[in-house]
Amino acid sequence: MRIMGHLTDLVSADSDVADLRAALDSLPVVPTDQIRILNDEALCQRASQALDSAYFPQPLHSAVYLAQYGNRYFATSPTYQRGEWHFLVNLDSTFRVLHAFTW
């Protein structure tokens, strides 16, 4: 899954990546063993609702890829995109949307 590659890239010391982490409310560097894909149905449902609220006026209730990154989450839809762009949300531990962006 591409989301795992992107998230593991965030632990890089590269200056461009450090700038991205800073833009994401000082996203901390975490050990790669704290980055994982989740498949808990209740958590995925909460992430789907958060993704919908960030992007869509009417909920899509789509499936999501949900990854945990330390104490934060990232969610994206595996099916909904605009051209080459995917929608991604960065969530806190309560599933509040911290950032919504395309990648």
Side-chain angles (χ1 to χ4, degrees):
M1 283 179 237
R2 279 194 316 171
I3 191 170
M4 284 301 291
H6 289 295
L7 293 179
T8 54
D9 287 347
L10 287 174
V11 301
S12 165
D14 180 271
S15 62
D16 290 336
V17 174
D19 290 344
L20 176 59
R21 280 195 311 270
L24 294 173
D25 287 337
S26 300
L27 187 70
V29 174
V30 300
T32 56
D33 65 352
Q34 289 186 23
I35 304 170
R36 60 193 177 108
I37 294 293
L38 302 175
N39 61 5
D40 178 276
E41 188 174 339
L43 294 178
C44 289
Q45 178 62 34
R46 290 178 70 190
S48 178
Q49 291 169 350
L51 186 67
D52 282 350
S53 73
Y55 285 108
F56 310 112
Q58 295 187 340
L60 297 178
H61 305 294
S62 64
V64 294
Y65 288 137
L66 177 61
Q68 186 172 8
Y69 181 97
N71 65 350
R72 296 197 193 174
Y73 299 93
F74 286 85
T76 188
S77 171
T79 57
Y80 191 81
Q81 64 189 59
R82 290 280 190 210
E84 65 189 52
W85 299 102
H86 293 264
F87 299 96
L88 184 73
V89 288
N90 174 13
L91 309 164
D92 69 9
S93 61
T94 66
F95 285 77
R96 180 176 60 94
V97 175
L98 299 173
H99 297 93
F101 49 99
T102 56
W103 60 288

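If you read the sequence from its start, that first residue is 1, and numbering goes on from there.
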Residues that A47 engages under side chain to side chain contact (heavy atoms under 4.5 Å, CB included), provided they are two or more places apart: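 Checked A47 against side chain to side chain contact (heavy atoms under 4.5 Å, CB included); matches are V64, L66, A75, L91, F95.
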Partners passing side chain to side chain contact (heavy atoms under 4.5 Å, CB included) against Q49 (at least two apart in sequence or in another chain):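 So Q49 forms a side chain to side chain contact (heavy atoms under 4.5 Å, CB included) with Q45.
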Tell me, please, which residues at least two apart from [X] pass side-chain hydrogen bond (donor to acceptor under 3.5 Å, both in side chains).
X	result
S77	T79
S93	none
D92	T94, R96

Hey, any chance V30 and L98 share a hydrophobic cluster, counting ILVMFWY side chains that come within less than 4.5 Å of each other, even indirectly?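 Shared cluster, no.
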Selection residues 43-64 - residue pairs positive for salt bridge (charged side-chain N to carboxylate O under 4.0 Å, His left out), sequence neighbours left out: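 Sorted result for residues 43-64: empty, none.
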Under the ring pair (Phe, Tyr, Trp, His ring centres under 6.0 Å) test, which residues partner F101, sequence neighbours left out?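 For F101 there are no ring pair (Phe, Tyr, Trp, His ring centres under 6.0 Å) partners, ignoring immediate neighbours.
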Not counting sequence neighbours, which residues clear ring pair (Phe, Tyr, Trp, His ring centres under 6.0 Å) with F87? List them please.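 By the ring pair (Phe, Tyr, Trp, His ring centres under 6.0 Å) rule, F87 matches Y55, F56, Y80.
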Quick check for you: to the nearest 0.5 Å, what is the distance between F74 atom CZ and I35 atom CD1?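 It comes to 9.0 Å.
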Mind checking the OG-CG spacing from S48 to L43? Nearest 0.5 Å is all I need.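 Between S48 OG and L43 CG, I get 12.5 Å after rounding to 0.5 Å.
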Taking all non-hydrogen atoms of both residues, which atom of L88 and which atom of T76 are closest, and how far apart?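 Closest heavy-atom pair between L88 and T76: CD1-CB, 3.8 Å.
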Flag side-chain contact, heavy atom, 4.5 Å: Y73 against L38: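 Side-chain contact under 4.5 Å: yes.
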